[in-house]
Asks: 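The structure is given below, and queries will be raised subsequently.
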Amino acid sequence: MHDAAAPSRNFIQEIIDHDLETNRWGGRVHTRFPPEPNGYLHIGHAKSICLNYGLASQFKGLFNLRFDDTNPEKEEEEYVKSIIYDVGWLGAKWDDRLVFASDYFEKMYEFAVELIKKGKAYVCDLTPEQMSQYRGTATRPGRPSPNRDRGVDENLDLLARMRAGEFPDGSRTLRAKIDLASPNFNLRDPVMYRILHAEHHHARDKWCIYPMYDWAHGFEDSIEGITHSICTLEFENHRPLYDWFINVVNEGRTADGSGPWGKKIHHPQQIEFARLELTHTVMSKRKLLELVKGNHVKGWDDPRMPTISGLRRRGYTPESIRAFCADIGVAKFNSVIEIVRLENAIRDELNKTAPRRMAVLRPLKVVITNYPEGQTDQLDAVNNPEDASMGSRKVPFSRELYIERDDFREEPPKGYHRLAPGREIRFRWAFFIKCESFVKDPATGEVTELHCTYDPATRGGDAPDGRKVKATIHWVSAAHAIDAEVRLYDHLFSVPRPEDVADGVDYKTNLNANSLEVLPAAKLEPGLAGSSAGTRIQFERHGYFSVDPDSSAQRLVFNRTVSLRDTWAKVEKANAPK
RNA sequence: UGGGGAUUAGUGUAAUGGUAGCACAACUGACUCUGGAUCAGUUAGUCGGGGUUCGAGUCCCUGAUCCCCAGCCA
């Protein structure tokens, strides 16, 4: 309907377009990512980071990394460090704007005093249980606290003494005086401060009263001059409260600062979007923590985890995660993205960038009976057919080799193109090879060795007589191969929506028992020796792999990032008897 | 059952009163020294019911379904 070449914009970009046209913020765009340091970041946070940082860079604005650290009981320095690392790794830049909400506590306290003076806040002596009872229900309004009409001076004195540490945890709160009958519970005199004699990871022991998120958050954005406060859908109900707080502070304030209350403060615009959900995994910090604590995974950075650190260890690149986030879009609909979209993102990138190598994951020995003993041939192998500039390498060929067990079938099924008795196929970059016979372990019936012949005229992989083969398989020379451990990963959960369980059923029953398969004795081509942690390689015909930090000089460990598309596997699965 | 949001192919996402498009998935076929990659094609959609209009995914009315909210969590 419109210009087909114009890229479509999401609803937030359209809001910003409009704000820029109407000069709402003087041409400024300033966003932020405001994590609470109470856990590791996951792919859902990546969506928010890409959104916020992406908007700032598209509109030539600014981006802050701000810790929303208002609850010392759940927060830790370890999380602060991991978050800073992960956000930077994803590619967001905040220059000198790494900030902590806890650095604004003094300013927030001044605002609280101002609210009391304006008759808009009071110290409440109700216990948590009482407060809950007083709050009312969806159909019944709340009742006023007995302390709701305390005088300004008494409130001021009590708040000062709360701050001074005179009262025990939980004994009093500071509450906003709003509307006990509001259908929005957030406006039924919400708590602004609670007493918490706890050491804070950033503010240390400076405070024993801590602001509630709802009281603090709007001011954090206001203080930093954030223009577009982007958050997830569940905060939509809170927006009226943030607006109320800022409006009350601005009551009596003026643009030029004349008058008793001083200058008006900035009033950011909050915009809510749907958080990311992915199939075959869970995204709540609580559940991820549970998986870690319950040893269902090996830590926050287990390659099966949807955490940024897990994805990084799995072999994902920042570019692929950004591409994924750009691909899925931004809207207000609670959608569930198929996890193949994430997998496609890394596959697409690695297809272009990852060098190809041969690796036999489940080795089957092959003897080339007409190849001289003790002889070695160095064959040329292309490093990446997608990118000629990546050149080629030499790979040793000799009389005894390994191939994939799955590349031989004693009785090949219909449509199977690989090795079988009497069949000729190609060894990648090497020769045409024909299977003449095989050896079976009489006890187990397992095929233990193949006897094959090669055609010397096909060196390099093409037959001078023009004959064709239907398959090309990978191989490694037995004498030259290096050993490695290979870890194959599958979805953490075996069903698309693990949290969709009947009442009383734990979502963990949907954990995929086969999400990790360890192959202890893979054989790799020798050039892979000494690969450093993080190196990304395509093992031909298998997938993309990345060197795990568990690797040592003696023994490499590879993680499978993602498999190649395998249409034959799909056909076999479809043909398998149910 | 009070309030706040949402609903377009299997999954996402555009279309801002004027030809319902794109991506992923699925399925065909071509090509191929990775059963990879690539290329070409096919299937498939406006939550229901009314209304306004020359014309409705879009506006109005009405119903349904889903998500969020009664922490001194964020």
Side-chain angles (χ1 to χ4, degrees), chain A residues 1-2 4 7-10 14 34-36 38 68-71 73-75 124 126-128 131-133 135-142 169-175 181-188 190-196 209-210 212-214 216-217 231-240 272 274 279 285 327-338 340-341 344 347-348 351-352 356 358 381-382 385-386 415-418 425-430 432 460-462 468-474 496 538-543 563-572:
Chain A
M1 333 232 150
H2 284 274
S8 66
R9 323 212 82 198
N10 64 51
E14 287 180 349
E36 184 190 18
N38 67 344
D68 214 326
D69 54 349
T70 56
N71 185 357
E73 293 187 317
K74 289 188 174 173
E75 299 159 10
C124 176
L126 254 25
T127 66
M131 202 183 288
S132 175
Q133 286 160 7
R135 191 148 17 228
T137 67
T139 48
R140 207 155 24 85
D169 286 3
S171 59
R172 292 175 207 270
T173 56
L174 182 71
R175 290 226 259 166
S182 173
N184 182 344
F185 284 99
N186 296 125
L187 301 177
R188 316 248 269 222
V191 172
M192 295 160 61
Y193 280 93
R194 74 279 218 190
I195 300 172
L196 235 43
I209 57 172
Y210 287 92
M212 297 293 291
Y213 173 88
D214 279 346
H217 196 81
C231 64
T232 43
L233 258 21
E234 69 270 30
F235 294 105
E236 217 150 12
N237 290 331
H238 299 238
R239 179 155 31 92
E272 305 86 7
T279 62
K285 281 187 193 173
D327 186 42
I328 58 175
V330 178
K332 296 193 72 155
F333 178 63
N334 274 308
S335 58
V336 182
I337 306 288
E338 293 171 333
V340 295
R341 300 279 289 268
N344 284 341
R347 221 175 342 229
D348 282 353
N351 176 45
K352 298 183 193 88
R356 270 113 251 219
M358 293 195 283
V382 170
E386 302 289 316
Y416 186 85
H417 296 158
R418 286 111 92 164
I425 52 94
R426 174 168 39 229
F427 273 24
R428 185 117 160 117
W429 312 121
F432 281 17
D462 289 303
K468 299 285 183 194
V469 288
K470 288 190 116 168
T472 300
I473 68 170
H474 61 277
Q538 184 195 104
F539 289 168
E540 293 226 29
R541 302 208 301 131
H542 283 300
S563 66
L564 251 22
R565 287 197 182 86
D566 188 347
T567 51
W568 169 248
K570 214 154 64 176
V571 169
E572 272 205 311

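Throughout, a chain's letter reflects where its sequence line sits, starting with A, and its residues are numbered from 1.
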Asks: Could you tell me the separation between the CZ atom of A:R175 and the P atom of B:C72, rounded to a whole number of Å?
Replies: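 After rounding, the reported distance stands at 8 Å.
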Asks: Categorize A:E36 for me: base, sugar-phosphate, or nothing, with a 4.0 angstrom heavy-atom threshold over every strand shown.
Replies: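 Result for A:E36 = sugar-phosphate.
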Asks: Rounding to an integer number of Å, can you tell me how far A:E236 CD sits from B:A74 C1'?
Replies: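 Rounding to the nearest Å, CD of A:E236 and C1' of B:A74 are 17 Å apart.
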Asks: So does A:N237 reach the base of B:C68 with its side chain, donor to acceptor, closer than 3.5 Å?
Replies: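 Side chain to base: pair present.
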Asks: Is the shortest distance from a Lys or Arg side-chain nitrogen in A:E36 or A:K74 to a carboxylate oxygen in the other one below 4.0 Å?
Replies: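 No salt bridge links A:E36 with A:K74.
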Asks: Whole angstrom is fine here: how far is it from CD in A:E386 over to P in B:C39?
Replies: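 Rounded to whole Å, this separation is 10 Å.
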Asks: Work out how far the C1' atom of B:C69 is from that of B:A74, and round it to whole angstrom.
Replies: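 Between the two C1' atoms, the distance is 14 Å.
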Asks: Output the rounded distance in Å from CH2 (A:W568) to C1' (B:U32).
Replies: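 Rounded to the whole Å, the gap is 18 Å.
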Asks: Taking any heavy-atom pair under 4.0 Å as a contact, classify A:L564: base, sugar-phosphate, or nothing.
Replies: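 It contacts base atoms.
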Asks: C1' atom, B:G49 versus B:A40: distance in rounded Å?
Replies: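 Looking at atom C1' only, B:G49 and B:A40 are 43 Å apart.
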Asks: What's A:M131 touching, base or sugar-phosphate or nothing? Going by heavy atoms closer than 4.0 Å.
Replies: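 Result for A:M131 = base.
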Asks: Could you state the CG-P distance from A:N334 to B:C69, rounded to the nearest angstrom?
Replies: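 Taking CG of A:N334 and P of B:C69, I get 11 Å after rounding.
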Asks: Would you classify A:R428 as touching base, sugar-phosphate or nothing, given that sugar-phosphate means primed atoms plus P, OP1 and OP2, and contacts are heavy atoms under 4.0 Å?
Replies: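 Base contact - A:R428 has a heavy atom under 4.0 Å of at least one base atom.
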Asks: Which part of the nucleic acid, if any, lies within reach of A:T173 when heavy atoms closer than 4.0 Å are counted: base, sugar-phosphate only, or nothing?
Replies: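 It contacts base atoms.
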Asks: Tell me what A:H542 touches on the nucleic acid: a base, only sugar-phosphate, or nothing, going by heavy atoms under 4.0 Å.
Replies: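 No contact at all - A:H542 keeps every heavy atom at 4.0 Å or more from the nucleic acid.
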Asks: So, does the side chain of A:E234 form a donor-acceptor pair with the base of B:G4 at under 3.5 Å?
Replies: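 Between B:G4 and A:E234, which were checked side chain against base, a qualifying N/O pair under 3.5 Å is absent.
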Asks: Under 4.0 Å, heavy atoms only, any strand: does A:K285 hit a base, just the sugar-phosphate, or nothing?
Replies: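 The answer is nothing, as A:K285 stays clear of every strand by at least 4.0 Å.
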Asks: With centres under 5.5 Å and planes under 30°, do A:H417 and B:G35 count as stacked?
Replies: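 Yes.
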Asks: Look at all strands and tell whether A:G415 reaches a base, only sugar-phosphate, or nothing, counting heavy atoms closer than 4.0 Å.
Replies: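 Result for A:G415 = base.
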Asks: Expressed as a whole number of Å, how far does the C1' atom of B:A20 sit from that of B:G55?
Replies: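 These two C1' atoms come out 15 Å apart once rounded.
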Asks: For B:A6, give the paired nucleotide (Watson-Crick: N1-N3 plus N6-O4 or O6-N4; G-U: N1-O2 and O6-N3; both under 3.5 Å), or none.
Replies: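 B:A6 is paired with B:U65.
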Asks: Touch check for A:Q538, heavy atoms < 4.0 angstrom, all strands: base, sugar-phosphate only, or nothing?
Replies: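 The answer is base, as A:Q538 lies within the cut-off (heavy atoms under 4.0 Å) of a base atom.
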Asks: Quick one: do the A:R347 and A:N344 side chains pair a donor with an acceptor below 3.5 Å?
Replies: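 Their side chains do contain a donor-acceptor pair, which is all the 3.5 Å distance test asks for.
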Asks: Applying a 4.0 Å non-hydrogen cut-off, can you work out what A:P35 is touching in the nucleic acid: base, sugar-phosphate, or nothing?
Replies: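 Nothing, no nucleic acid heavy atom in range.
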Asks: Base of B:G35, side chain of A:R565 - is there a donor-acceptor contact under 3.5 Å?
Replies: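 No.
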Asks: Nearest 0.5 Å, please: how far is OG1 in A:T70 from CD in A:E75?
Replies: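 Taking CD in A:E75 and OG1 in A:T70, the distance rounds to 6.0 Å.
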